[in-house]
Amino acid sequence: MNKWIKGILVYVVTLLLINFLPIFLCFSPAQELSGLQIMVNEDTREDGDDQTSGSIFHLINKRGQKRVRDTVRRWKDCDGKDGFDEKTIIFFQSPPEVEGTGFLNWSYIDITKDDDQWLYLPALRKIKRISASDKEDSFMGTDFTFDDMGDRQVEEDAHKRIGQETFENKKCYLVESTPKERDYMYSKKLVWVVDGEWIIPKVEFYDRKGRLLKHLHVKWHKVQGMWTWEGCVMKNVQTGHQTDIEVKDTKFNLGFKDTLFTQRTLRREGK
Amino acid sequence: MPLFSPVALLIIFVTTFSPPLVLGSELGFLGLDPSKLHLKGYLKNETSLHIHSPHDVTKIKSIFHLELKYTFNNNLKLFTLGRVFWDADNDIEDDKDLESWELYMNLRLKDIDLRLGRQQVVWGEADGLRINDIINPQNFKEFILQDYIDSRIPLWMGRIDYYLGDFTFEGLIIPEFKRNRFPRGESEWEFYQPSPLPFFRLTRNNNKKPAHCLKNWEWGLRVFRFIKGWDLSVSYFYTWDDFPVFHRKIKLLPESLIPTVALSPRHHRFHVFGFTYNKVVGPLVFRGEGGYYLNKHLARSDPQDSGGFKKRDYLYYMLGCDYHMFHNMDLNLQFIQKVISHYDRYFSEDNVQNSLTFFIQTDFLHETLKPVLLVIYEANEGDFWISPKVSYDISDTIQVVLGGEFFEGGGKQSFFGQFNSNDQIYCELKYSFDY
């Protein structure tokens, strides 16, 4: 009898283990994910070989006055071919004052090597070579800096998982990212990363004195099976200025050739 | 004084605010697709005031600029622009005019881009001066105060770009000749012209333009490529001098004891061998360009010369550096030098001419407020031009600019010094539109 009871108990426990172990494992290792692993997961999320999209930037000051910047962006992941990391070309479609302005960027696998950047200025009818922008510079007068727009590498910050939180009905990891370099424009960032999807719906930016400076809310959607921005709002709580971005016509894996990301395209499409 | 005549205002209003309606129906009638038409332009008023007594208004210029682009498909586009102005003040010649117009077609083939029509072509790296950027002549009606995009005179030409690997080959064929435009005698911007022979009586003949024939066409070639972080180019341009040289003929007329000098402005051909480079090092962009001008006709004051000029070569080059400082602040320095070969004291120009330019710009309030300062210093005569301005974007379509043009140093014969009494402040108001 005891043997029977023992046998049944062993069977039940084994069954429970087999059935519930994955659930257990699912929580357990994830809870052990470090802040760095979470941010690496986010950074390496599938985003295609190339992409095109249109972005409308609404710059709104604290009095509610709005300015609009309409851009088209094409991007290509070079996978290290010939030393290139990625290539990007952006054209401004409005306002009329900057319409036709083009920006070309080549970034390299070697992170010690500066990006090569060119600007086509229709008002001058020529291409100007520019130095890689200061990462703290505003991107087109918006509330984003070049670093905010994705130039910052994961390894440039120390990442610490400080908790879990449900945000917009999704389980998120809360990661505190502090810059390794001294005197960076932010003392820290708090980043919400959705578990499993590895997307960032919210970020808080703190200034050098540790005060909340800006917060970013991002709306995501899936295009061709890949997560991408649908829109976002970046608000500077200290100045009251905010930037809303509306992202449209996103398409992935169009097979862009390297020849699209050249000075020829800048010159030809500029005017 | 009214800024616009009522008729001009009506035309501008109709063309500015109803083009989609008007052009849409017209294009539909022509079988073209209105959705492939892009139209933009601006209305602008420029008003200047002398800062020296009697503080008179020197310019009340209203400009209407319109651009149209029709995209037939990815490989074929048609572009045209026109700019008319009306000046309520009479200091500048031709108080109403079609200031500029362009019309060209872009055709894209596999490795070739073709642009045919009336257009501007810009070569070179220098800002604020023209070494290799001499394809189009220039309008000096407002000295060099206009932006180059507005002061270059478009020409009928063909431009072909051929892409071979990392190389780009650019060819130009220019059948049309136009000379630079200069201000008329009553303009405050009339250039100082030294007397070719003091104490002689002067007569001036008309300017004689080159004949229209194949051998008089201008043409040029340029090759450029990006290699190991360097943008490099070399070029050759066989051109006509857009500045005339005054041919001199001395006569002793029986009825006069004073000899007479007859001056005939003539244009001559010369060759330019050019190069450009740029390279980024951290926050610095090093850039430069040079041109070796071969067989350029230069004016002389030697009474024993038969024609009043001699052919000489000269080297004209610029070494510059851009520095991107913190928070969108950009600084630029350029050193420019011109050296004439086989020089003697009778040439009107100095043997070696040195210039420096300094430029700084930044922005505030999310790129709505932009202060800019440009200084050009001519080292030989010690004269300089200071041009500060501040622009403010009231909205995406309305911009206001306040600035000044100050000329200091040098003598009456120096490039900037001759305009010492023309110091002025100005205000611009611009409305841009886009359909």
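Numbers restart at 1 for each chain; the letters A, B, ... are given by sequence-line order, proteins then strands.
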Given the options A:M140, A:K113, A:K66, which has more heavy-atom pairs under 4.5 Å with chain B than any of the others? A:M140
If you count heavy-atom pairs under 4.5 Å between each of A:N61, A:V98, A:V68, A:T243 and chain B, which one has the most? A:V68
Heavy-atom distances under 4.5 Å only: say whether [X] touches chain A with side chain, backbone, both or neither.
{"X": "B:D147", "result": "neither"}
{"X": "B:K430", "result": "side chain"}
{"X": "B:E125", "result": "backbone"}
{"X": "B:E170", "result": "neither"}

Can you tell me which of [options] forms the most heavy-atom pairs within a distance under 4.5 Å of chain A?
{"options": "B:R108, B:R287, B:Q120", "result": "B:R108"}
{"options": "B:Y42, B:Y323, B:Y148, B:F224", "result": "B:F224"}
{"options": "B:T397, B:V285, B:D322, B:D231", "result": "B:D231"}

With a 4.5 Å heavy-atom cut-off, do [X] and [Y] have their side chains touching?
{"X": "B:Y163", "Y": "A:T262", "value": "no"}
{"X": "B:V121", "Y": "A:R125", "value": "no"}
{"X": "B:T168", "Y": "A:R264", "value": "no"}

Quick test of your reading of the model: are B:D127 and A:K128 salt-bridged, counting only N-O distances below 4.0 Å? yes
Within this structure, what is the [atom1]-[atom2] distance for the pair [X] and [Y], rounded to the nearest 0.5 Å?
{"X": "A:W106", "Y": "B:F226", "atom1": "CH2", "atom2": "CZ", "value": "5.5 Å"}
{"X": "A:R267", "Y": "B:R115", "atom1": "CZ", "atom2": "CZ", "value": "9.5 Å"}
{"X": "B:D393", "Y": "A:L59", "atom1": "CG", "atom2": "CG", "value": "11.0 Å"}

Can you tell which part of A:T145 gets under 4.5 Å to a heavy atom of chain B, answering side chain, backbone, both or neither? neither
Which portion of A:I127 sits near chain B, non-hydrogen atoms under 4.5 angstrom: neither
Please state whether the rings of A:H241 and B:H366 are parallel, tilted or perpendicular, taking 30° and 60° as the class boundaries. parallel
Counting distance only, does the side-chain N/O of [X] pair as donor-acceptor with the main-chain N or O of [Y] below 3.5 Å?
{"X": "A:K126", "Y": "B:V122", "result": "no"}
{"X": "B:N278", "Y": "A:R129", "result": "no"}
{"X": "B:D396", "Y": "A:P95", "result": "no"}

If you count every heavy atom of other residues, nucleotides or ligands that lies below 6.0 Å from A:K257 atom NZ, does the total exceed 12? no
Within 6.0 angstrom of B:N74 CG, more than 12 heavy atoms from elsewhere: no
Might you point out which heavy atoms bring [X] and [Y] nearest each other, and give the distance in Å?
{"X": "A:R67", "Y": "B:T368", "answer": "CZ-CG2, 3.1 Å"}
{"X": "B:G282", "Y": "A:D114", "answer": "CA-OD2, 3.6 Å"}
{"X": "A:E97", "Y": "B:S432", "answer": "OE1-OG, 3.2 Å"}
{"X": "A:S131", "Y": "B:H324", "answer": "OG-CB, 3.3 Å"}
{"X": "B:N328", "Y": "A:D137", "answer": "OD1-CG, 2.9 Å"}

Using only heavy-atom distances, determine whether the side chains of B:D434 and A:Q93 contain a donor-acceptor pair under 3.5 Å. no
